[in-house]
Amino acid sequence: MKPQKGYYSLIQFCPDASRLEAVNLGVILFCPALDFLASRTSRSTRRAEKLVGRGELAREALKLARISIEQRLQTDRASFKDIADMQHFVETRGNALRLTDPRPVKVYAPVDELNRLFDELVGGQAASERDSVAKDFPSLQTLFTRLNSEGRAELDFSARLPVLGQEFHVPFAYRNGVLNLVKPTRFSHNASHQALNLAIRGDLIHKHGFQNSPNPRLVVVSKFPDNCDSGLMTHVDQLFGEYSVKHVRHDDVDAFAQQIEIEANA
């Protein structure tokens with residue numbers, strides 16, 4: 001597939017414009033040819049607190065400013081036709097959250113590219129990720145929330161990827177002799193590129209491990225579009241198998257959850 005031209009803009013917290021100090025709290029990706037416009041924003045306020053101090057940060061105002069950007073992108077989506085429309089949107093933002101001028105980027109799979117930009121330039125867990133997991137994989141959300149309360153699993157596990165040096169986040173992790181990093185993922189019709197991105201990261205995790213966790217394993221729990229080609233799903237199975245990544249299809253989630261219930265330990 002030929003790459004399409006896209007544009008991204010960083011969502012930055014800048015409490016004092018005169019000091020030119022800012023931290024990245026999110027990213028917007030616009031790809032006109034694919035009719036794609038979406039954002040990812042951070043759940044955490046830790047970076048913002050470092051600029052103003054924990055007790056000085058107006059968290060609620062910051063949250064409302066973030067929600068305002070996300071809502072405007074949804075309601076005005078149809079008005080985004082070209083880069084000029086995105087530039088106008090950037091220039092009309094004027095509170096503690098500012099947007100950087102759009103920068104070009106090659107886009108193969110827009111959701112995958114948005115996630116990559118967020119991981120590389122912002123890091124941590126996206127504000128919408130937990131909502132997505134709860135919607136697509138409610139049994140896993142319920143299971144891991146309980147196991148976490150029992151001390152048998154972790155929520156919101158983050159670590160720096162070996163070799164790449166990027167922050168990698170999964171909503172769930174548990175141990176059964178090795179550390180298992182569970183990454184529920186909604187795949188698009190261009191799943192091959194999405195899967196390859198995860199496969200490479202899973203391979204690095206398995207080969208190099210983390211401190212005190214040799215040979216950890218990435219577990220991708222997938223959900224494909226309803227009319228997805230079965231051959232594509234088989235290809236993803238094979239790809240993950242080559243890179244030491246465990247693949248659990250959506251139809252097998254209940255059996256996987258039962259296995260975790262038995263095996264997960266502190």
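- Partners of F30 according to the ring pair (Phe, Tyr, Trp, His ring centres under 6.0 Å) rule, which considers only residues two or more places apart in sequence or in another chain, are F80.
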Would you please test V253 and S139 for side chain to side chain contact (heavy atoms under 4.5 Å, CB included) and show each step?
-> CA-CA 8 Å; V253 166; S139 60; 3.4 Å; yes

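- Heavy-atom contacts from other residues, nucleotides or ligands closer than 6.0 Å to CD of E242 number 12 or fewer.
- How far NZ of K223 is from CZ of R186: 5.0 Å, rounded to the nearest 0.5 Å.
- The side chain to side chain contact (heavy atoms under 4.5 Å, CB included) test applied to P102 returns Y7, I83, M86, Q87, V90, not counting sequence neighbours.
- Side chains of T185 and L198 form a contact here, defined as non-hydrogen atoms less than 4.5 Å apart.
- With rounding to the nearest 0.5 Å, the separation of CD in Q259 from CG in D252 is 11.0 Å.
- Taking 4.5 Å as the limit, some side-chain heavy atom of V105 sits within range of a side-chain heavy atom of V107.
- Using a 4.5 Å cut-off between side-chain heavy atoms of Ile, Leu, Val, Met, Phe, Trp and Tyr, with links allowed through other members, V163 and L218 fall into the same hydrophobic cluster.
- What you find for L97 and F13 is that their closest heavy atoms are CD2-CA, 3.8 Å.
- For the atom pair CZ (F256) and NZ (K246), the distance works out to 6.0 Å, reported to the nearest 0.5 Å.
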Evaluate the criterion side chain to side chain contact (heavy atoms under 4.5 Å, CB included) for residue pair E154 and F144; output intermediate values, then yes/no.
-> CA-CA 8 Å; E154 295 182 50; F144 275 99; over 6 Å; no

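- Residues passing the side chain to side chain contact (heavy atoms under 4.5 Å, CB included) test with T234 are Q238, R249, sequence neighbours excluded.
- Residues forming a ring pair (Phe, Tyr, Trp, His ring centres under 6.0 Å) with H208 (at least two apart in sequence, or on another chain): none.
- Around atom NE2 of H88, no more than 12 heavy atoms belonging to other residues, nucleotides or ligands sit under 6.0 Å away.
- With contacts defined as side-chain heavy-atom distances shorter than 4.5 Å, the pair V182/F157 does not qualify.
- The minimum heavy-atom distance linking P216 with G209 is given by the pair CD-CA, 3.4 Å.
- Using a 4.0 Å cut-off between charged nitrogen and carboxylate oxygen, R146 and E261 count as a salt-bridge pair.
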Evaluate the criterion side chain to side chain contact (heavy atoms under 4.5 Å, CB included) for residue pair V219 and K183; output intermediate values, then yes/no.
-> CA-CA 6 Å; V219 182; K183 184 79 168 176; over 6 Å; no

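- Rounded to the nearest 0.5 angstrom, L10 CG and S39 OG are separated by 12.0 Å.
- One N or O on the side chain of N24 and one on the backbone of L121 form a donor-acceptor pair closer than 3.5 Å.
- Annotation: salt bridge (Lys or Arg N to Asp or Glu O under 4.0 Å) contacts of D112 (sequence neighbours excluded): none.
- A side-chain donor-acceptor contact under 3.5 Å links S9 to the backbone of T100.
- In this structure, a donor-acceptor pair under 3.5 Å is absent between the side chains of R175 and N180.
- Counting only distance, with no hydrogens or angles, the side chain of R152 and the backbone of A264 share a donor-acceptor pair below 3.5 Å.
- Under the 4.5 Å side-chain criterion, counting only non-hydrogen atoms from C-beta, I28 is in contact with L73.
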F224/V236 under side chain to side chain contact (heavy atoms under 4.5 Å, CB included): CA gap, chis, key distance, verdict | CA-CA 11 Å; F224 290 86; V236 171; 4.1 Å; yes

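- The side-chain heavy atoms of L29 and E113, taken from C-beta on, include a pair separated by under 4.5 Å.
- In this structure, the separation between CG on L140 and CG on L147 is 10.5 Å, given to the nearest 0.5 Å.
- The CZ atom of R217 sits 10.0 Å away from the CG atom of L181 when rounded to the nearest 0.5 Å.
- In this structure, V221 and F172 have side chains that are not in contact, with every pair of non-hydrogen atoms separated by 4.5 Å or more.
- Looking only at side-chain heavy atoms (C-beta outward), L99 and I11 come within less than 4.5 Å of each other.
- Below 30°, between 30° and 60°, or above 60°: for H247 and F187 the angle between ring planes is above 60°, a perpendicular geometry.
- Contact check for F36 versus L114: side-chain heavy atoms found under the 4.5 Å cut-off.
- With D85 contributing its side chain and K81 its backbone, the two residues share a donor-acceptor pair below 3.5 Å.
- Evaluation of the salt bridge (Lys or Arg N to Asp or Glu O under 4.0 Å) rule for D35 yields R77 as partners, not counting sequence neighbours.
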Before giving the answer on ring-ring contact (aromatic ring centres under 6.0 Å, His included), spell out for H206 and Y243 the whole-Å C-alpha distance, their side-chain angles and the decisive distance to 0.1 Å.
-> CA-CA 9 Å; H206 183 69; Y243 284 86; over 10 Å; no

